[in-house]
Amino acid sequence: MKPVPPNQQQALVERLMTACGGAYRPETRRKYFITGPQWAAAYQGQALFHAPTRCPIGFEDVIREYAKIGIGYWCTHDSDVIPADQMGKDGQREIVARIQKSLADHGLKCSMVTTETFFHEVFAAGPAAEAADVRDYAAFRVRNTVDIGHELGAQFAVYWPGSLGYYTQGAIEETQTLRWYADALNAACERDIEVAKKKGRPTLKHCLEAKPFEPQAEILLPTSDAMLGFIASGLLTHPEMVGLNPEYLHELMWGGAPRAALARALLAGKLWHFDINDGYRLKHDVDIGVGLVNPLDWLNVLVLLRSHGFNGPFNLDFKPPRTTSNHGVFAVSFPTAVDRFITLWEMAGEVMEDAILREATEALKAGSGVPAGADAHAIAEANKELLTLHELIAHRLVQILLGLHRGRSYAV
Ligand code: GCO
Ligand code: MN
Ligand code: MN
């Protein structure tokens with residue numbers, strides 16, 4: 001192939017994207033409660049060992065491009081859009097007004113707001129640091145985010161307390177730090193009750209998000225299960241207002257099964273929001289687009305969620321790779337992530353309707369009907385042949401995922 005000069009590269013990407021086919025129309029994409037984060041689209045590719053590869057973009061660009069793709073909801077950290085020195089001041093009000101206009105101009109809604117308590121130097125010792133002025137500041141920030149959320153019409157607030165922990169041992173007393181962290185959440189909930197009442201709006205759903213390995217070395221609330229324990233610990237004044245925003249990859253990172261983590265959240269009635277992405281077990285937070293690594297597991301996850309009536313929000317919390325250009329973020333990264341999600345969601349519907357899967361599952365539950373009493377060996381013998389269905393079910397799921405149930409022939 002001939003070299004592709006820089007001025008022809010975008011056209012090549014566009015042509016091959018079209019050739020890929022399988023894209024949904026923006027109107028179809030808008031039917032799903034799919035949310036696009038400001039920070040994901042504006043991510044420049046930087047990391048500890050990585051210089052940025054993309055130029056900065058602001059919320060106006062992100063909102064406009066999400067609208068074109070058909071992503072109906074937008075969400076943001078406070079600090080993604082408001083400089084630290086403007087928080088709670090006139091500058092914030094002006095920016096919030098600009099966001100409102102931008103959302104209205106492009107027909108998007110703000111679904112969620114989240115407080116950044118990890119990036120700024122003030123949070124070097126975390127949001128629940130020993131110094132009372134740091135904790136007061138954290139309380140101000142979460143209360144302020146609640147205000148912004150109500151101004152923008154959000155339904156959800158997310159908290160990722162990844163900076164709640166330490167690098168070196170000894171200085172932190174865990175029970176005390178967790179009490180202080182609860183104080184911040186209590187401040188947010190109390191503020192929310194006040195503002196919601198004043199504005200005649202429902203209170204926000206406050207969702208905790210766990211990540212096992214970053215940015216501290218040891219993390220006090222590393223998993224969704226740890227957070228369920230924390231919510232039920234008695235430290236929260238309004239535990240009914242606090243639930244979970246699990247992230248698929250964050251549960252996979254520690255070696256857990258995301259589907260089982262989601263099941264435990266569902267049973268606790270706390271699955272309120274879901275960050276969708278992909279990656280690998282026991283690695284850092286690679287935040288790859290949904291379905292690019294574990295499509296079979298994703299299909300299974302969506303079967304679980306669909307069968308329990310969880311319809312979103314599904315938050316596209318992935319990071320477009322550093323190899324993707326600014327143009328590629330909106331031409332390839334976001335539309336393809338949305339479309340893989342919708343395809344897997346629709347496929348999960350097919351799985352639920354599939355006659356073979358249904359009959360196999362029902363047969364497993366029906367058992368043999370042979371009375372075997374307390375004779376363990378006789379029970380095992382009576383069910384032996386049925387248990388082969390476990391593997392048959394797995395095969396059928398892969399068939400559906402790969403389209404093999406529709407047949408495939410090879411010219412060998
Ligand atoms: C991550 C985290 C964040 C949070 C966000 C919301 O992967 O770094 O998941 O993206 O979702 O900070 O609080
Ligand atoms: Mn992540
Ligand atoms: Mn996340």
Side-chain angles (χ1 to χ4, degrees), residues 34-48 50 62 73-82 110-120 123 126-127 138 141-142 144-146 148-149 154-165 181 184-185 188 204-216 219 221-224 227 242-254 256 258 261-262 265 271-290 292-294 298 312-321 333-334 337 341:
I34 293 176
T35 70
Q38 173 63 27
W39 67 88
Y43 168 60
Q44 291 178 251
Q46 75 281 8
L48 193 52
H50 291 155
V62 172
Y73 300 84
W74 174 85
C75 59
T76 191
H77 292 100
D78 53 355
S79 62
D80 292 337
V81 287
I82 300 157
C110 171
S111 53
M112 179 271 267
V113 285
T114 173
T115 316
E116 171 268 300
T117 54
F118 43 87
F119 190 75
H120 196 280
F123 297 125
R141 285 282 296 271
V142 294
N144 186 54
T145 307
V146 164
I148 297 172
Q155 298 159 257
F156 299 88
V158 164
Y159 306 90
W160 168 47
S163 52
L164 198 70
Y181 188 66
L185 287 175
L204 305 174
K205 282 181 163 313
H206 299 255
C207 307
L208 298 176
E209 174 180 344
K211 167 150 75 170
F213 305 147
E214 297 174 311
Q216 297 287 17
I219 290 176
L221 296 172
T223 63
S224 290
M227 286 175 162
V242 182
L244 294 183
N245 171 43
E247 178 171 311
Y248 176 87
L249 180 56
H250 295 175
E251 300 304 323
L252 193 69
M253 276 166 75
W254 63 266
L262 292 163
L271 182 63
W272 294 356
H273 201 274
F274 183 26
D275 276 3
I276 61 173
N277 57 9
D278 216 334
Y280 305 90
R281 275 198 160 91
L282 303 175
K283 299 281 198 289
H284 65 286
D285 194 19
V286 289
D287 281 330
I288 293 169
V290 56
L292 284 181
V293 184
N294 297 296
W298 257 106
F314 297 103
N315 186 34
L316 295 162
D317 193 13
F318 73 104
K319 295 196 170 61
S333 209
F334 277 92
F341 172 79

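For ligands, and for the atoms within them, numbers begin at 1 and follow the listed sequence.
In this structure, the ring of Phe274 has its center less than 6.0 angstrom from the ring center of Trp298. Taking the six-membered ring for Trp and the full ring otherwise, the centers of Phe156 and Trp272 sit at least 6.0 Å from each other.
Inspection of the Asn315 and Thr35 side chains reveals an N or O donor paired with an N or O acceptor under 3.5 Å.
Of all protein heavy atoms, the one lying nearest to atom 13 (O) of ligand 1 is Thr114 OG1, 2.8 Å. The protein heavy-atom contact nearest to atom 3 (C) of ligand 1 is Asp317 OD2, 3.6 Å. Nearest to atom 9 (O) of ligand 1 among the protein's heavy atoms is Glu209 OE2, 2.4 Å. Nearest to atom 8 (O) of ligand 1 among the protein's heavy atoms is Lys211 NZ, 3.1 Å.
Metal site remark for the Mn ion (ligand 3): Asp287 contributes no N, O or S atom at a distance under 2.8 Å. For residue Glu247, an N/O/S atom approaches the Mn ion (ligand 2) to within less than 2.8 Å.
Interatomic distance, Ser111 OG to Phe314 CZ, rounded to the nearest 0.5 Å: 12.5 Å. Note that SG of Cys207 and CG of Asp275 are 9.5 Å apart. Values are rounded to the nearest 0.5 Å.
Side-chain N or O atoms of Asp317 include none that pairs as donor or acceptor with a backbone N or O of Ala40 at under 3.5 Å. A donor-acceptor pair is defined here as one N or O able to donate and one able to accept, closer than 3.5 Å; such a pair exists between the side chain of Asn277 and the backbone of Leu249.
Asp317 has its closest N, O or S atom to the Mn ion (ligand 3) at the position named OD2. Among the heteroatoms counted here (N, O or S) of His250, NE2 is the one nearest to the Mn ion (ligand 2). Of all N/O/S atoms in Asp275, OD2 sits nearest the Mn ion (ligand 3). Taking the Mn ion (ligand 3) as reference, the nearest N/O/S atom within Glu209 carries the name OE2.
A 4.5 Å side-chain heavy-atom check between Leu252 and Asn294 finds at least one atom pair inside the cut-off. Using a 4.5 Å cut-off on side-chain heavy atoms (C-beta onward), Phe341 and Ile34 make contact.
Residue-level proximity to ligand 1 for Asn315 is absent, since no heavy atom of it falls below 4.0 angstrom. Contacts between Glu214 and ligand 1, counted as non-hydrogen atom pairs separated by less than 4.0 Å, are absent for every part of the residue. Residue Asp287 touches ligand 1 through its side chain alone, judged by heavy-atom distances below 4.0 Å.
Residue contact check for ligand 1: His77 places a non-hydrogen atom closer than 4.0 Å to it. Taking 4.0 Å as the cut-off, Glu116 does not count as a neighbour of ligand 1 on heavy-atom distance. For the pair Tyr159 and ligand 1, no heavy-atom separation below 4.0 Å is found.
Here the closest non-hydrogen pair linking Glu214 and Ile219 is O-CD1, 3.3 Å. Across all non-hydrogen atoms, the minimal contact from Phe123 to Ala138 is CE2-CB, 4.0 Å. In terms of heavy-atom proximity, Ser163 sits nearest to Gln216 at O-NE2, 3.0 Å.
Listed by number with element, the atoms of ligand 1 under 4.0 angstrom from any heavy atom of Asp285 are 1 (C), 7 (O), 8 (O). Heavy-atom contacts of Asp275 reach the following atoms of ligand 1: 11 (O) (cutoff under 4.0 Å).
The shortest N or O to N or O distance between Asn245 and ligand 1 is not below 3.5 Å.
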